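Both backbone and side-chain heavy atoms feed into the values below; hydrogens, waters and symmetry mates do not. As the structure is a computational prediction, the values presented were derived from the model and not from experiment. Each chain gets a letter, A, B and so on, in the order its sequence line appears, and its residues count up from 1.
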Amino acid sequence: MPELPEVEVVRRGLEAHVVGRTVARVDVLHARPVRRHLAGPDDFSTAITGRMVLAACRRGKYLWLPLDSGDALLAHLGMSGQLLVRPVDALDERHLRVRMVLDAPYELRFVDQRMFGGLAVSRGGAVGPTEIAHIARDPMDSTFDDTAFAARVRKKSSGIKRILLDQRAVSGVGNIYADEALWLARLHGDRPGSRLTRAQVHEVLAGIRQVMTSALDQGGTSFDALYVDVNGQSGYFDRSLEVYGRAGEPCRRCAAPIVRVAFMNRSSFFCPRCQPRPRLRSR
DNA sequence: ACTACGTCCTGCTTGC
DNA sequence: TGCAAGCAGGACGTAG
């Protein structure tokens, strides 16, 4: 499942292989991945055909490619999305949804099994898509304001994990890295934001940065020249996970078995000894 | 205003 | 063996 590090790896690949190229032809093979382009698939294709890609940008889990028209191609990988740079004669992937032929012997392909992700053209978005104005900066962004984030967290009654997953507060954090960061900070995800100290919030931010930096160190070099990939199933970032997916296995700090609980129609993993549940408030 | 939850998707895995 | 349920979960819309 692509979170910030995986998306950043994709951005770097796009920067290396797609920036400077012109889109020669677009095939929208499935309408759903362009559903957020409200003017429809034909308009989507027309808007990017003949345009040169000027840069590859990212905020949180969103990517966008500023075009020489002043528009931008906005992309989100969702759960299973991939942006692949593939030779023109490579066989179509089973879940190929959009093909963008470039002025090169390779093409940019959007492949997505579950189609939670998608593409859209942001009008005038080359200077920053308004569609993602509500997405917060991510913790790796030099303009991220730690102090403001701590103040915001401490005004919320929601559990800290829920806050981390809200992209309006901090972006780029998904279910996996939220669990990892909370383990590093020794905090249970149900701890209300309002009951955390400033130092604890800063510990969480440090944890997020540590796990993301580690993932980037592992993943940033694992794609080859013509293959821009992110694949949550194979999980080349999985090696260093401390809690996610380790239910029943010993905590690497204290050896207590890691616990899995249902959370927001998904799962949370934590160490019951290092990350004790918050005490229920007396009533 | 703030918070919480349901929904969208497909395919692999699990269980009867 | 076959079928159905469970599970994966980011972002958004809506309900409370």
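The side-chain heavy atoms of A:Phe269 and A:Glu242, taken from C-beta on, include no pair separated by under 4.5 Å. The shortest distance between side-chain heavy atoms of A:Phe110 and A:Val28 does not fall below 4.5 Å. The shortest distance between side-chain heavy atoms of A:Arg97 and A:Leu119 does not fall below 4.5 Å. Side-chain contact between A:Leu216 and A:Arg12 is present, with heavy atoms from C-beta onward closer than 4.5 Å. Between A:Gln200 and A:Arg191 there is a side-chain heavy-atom pair separated by less than 4.5 Å. Annotation: side chain of A:Trp183 is in contact with side chain of A:Cys251 (closest heavy-atom distance under 4.5 Å).
The side chain of A:Arg168 sits closest to B:dT3 out of B:dT10, C:dG10, B:dT3. Here the side chain of A:Glu3 is nearest to one of B:dT10, C:dG10, C:dA8, namely C:dG10.
At the phosphate of B:dG11, neither OP1 nor OP2 sits under 4.0 Å from any side-chain N or O atom of A:Ser80. Between A:Arg260 and C:dA8, a side-chain N or O to OP1/OP2 separation shorter than 4.0 Å is present. Put simply, A:Gln167 has a side-chain N or O that comes within less than 4.0 Å of OP1 or OP2 on C:dA11. Contact annotation: A:Arg94 reaches the phosphate of B:dG11 (side-chain N/O to OP1 or OP2, under 4.0 Å).
Protein atom CZ of A:Arg97 is 17 Å distant from nucleotide atom P of B:dC8, rounded to whole Å. For the pair A:Tyr177 OH and C:dG10 P, the computed distance is 12 Å after rounding to whole Å. Rounded to whole angstrom, the span from the CZ atom of A:Phe263 across to the C1' atom of C:dC7 amounts to 17 Å. Taking atom CD of A:Gln113 as the reference point, atom C1' of C:dG10 lies 15 Å away to the nearest angstrom. In this entry the distance linking CG of A:Leu165 with P of C:dA8 reads 14 Å, nearest Å. In this entry the distance linking CG of A:Leu63 with P of C:dA11 reads 11 Å, nearest Å. Remark: C1' of C:dA11 and CG of A:Leu164 are 16 Å apart, rounded to the nearest angstrom. Separating the NE2 atom of A:His95 from the C1' atom of B:dT10 is a distance of 7 Å, rounded to the nearest angstrom.
A heavy atom closer than 4.0 Å to some atom of DNA chain B occurs in A:Lys156, A:Ser157, A:Ser158, A:Arg162, these being the qualifying members of residues 147-163 of chain A.
Contact annotation for A:Asn265: base contact, defined as any heavy-atom pair under 4.0 Å involving a base atom.
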Please list, pair by pair, any protein nitrogen or oxygen found under 3.5 Å from a nitrogen or oxygen in nucleotides 12-14 of chain C.
| residue | atom | partner | partner atom | Å |
| --- | --- | --- | --- | --- |
| C:dC12 | OP1 | A:Arg36 | NH2 | 3.0 |
| C:dC12 | OP1 | A:Tyr62 | OH | 2.8 |
| C:dC12 | OP2 | A:His134 | NE2 | 3.1 |

Stepwise, does the salt bridge (Lys or Arg N to Asp or Glu O under 4.0 Å) test hold for A:Asp179 with A:Arg246?
CA-CA 11 Å; A:Asp179 280 1; A:Arg246 297 191 63 239; over 6 Å; no
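Proximity of a side-chain donor or acceptor of A:Arg253 to a complementary backbone N or O of A:Cys274 within less than 3.5 Å is not detected. Between the side chain of A:Ser80 and the main chain of A:Asp112, no donor-acceptor pair closer than 3.5 Å is present. One N or O on the side chain of A:Glu3 and one on the backbone of A:Tyr177 form a donor-acceptor pair closer than 3.5 Å.
The base of C:dG10 does not come close enough to the side chain of A:Arg114 for any donor and acceptor atom to sit less than 3.5 Å apart.
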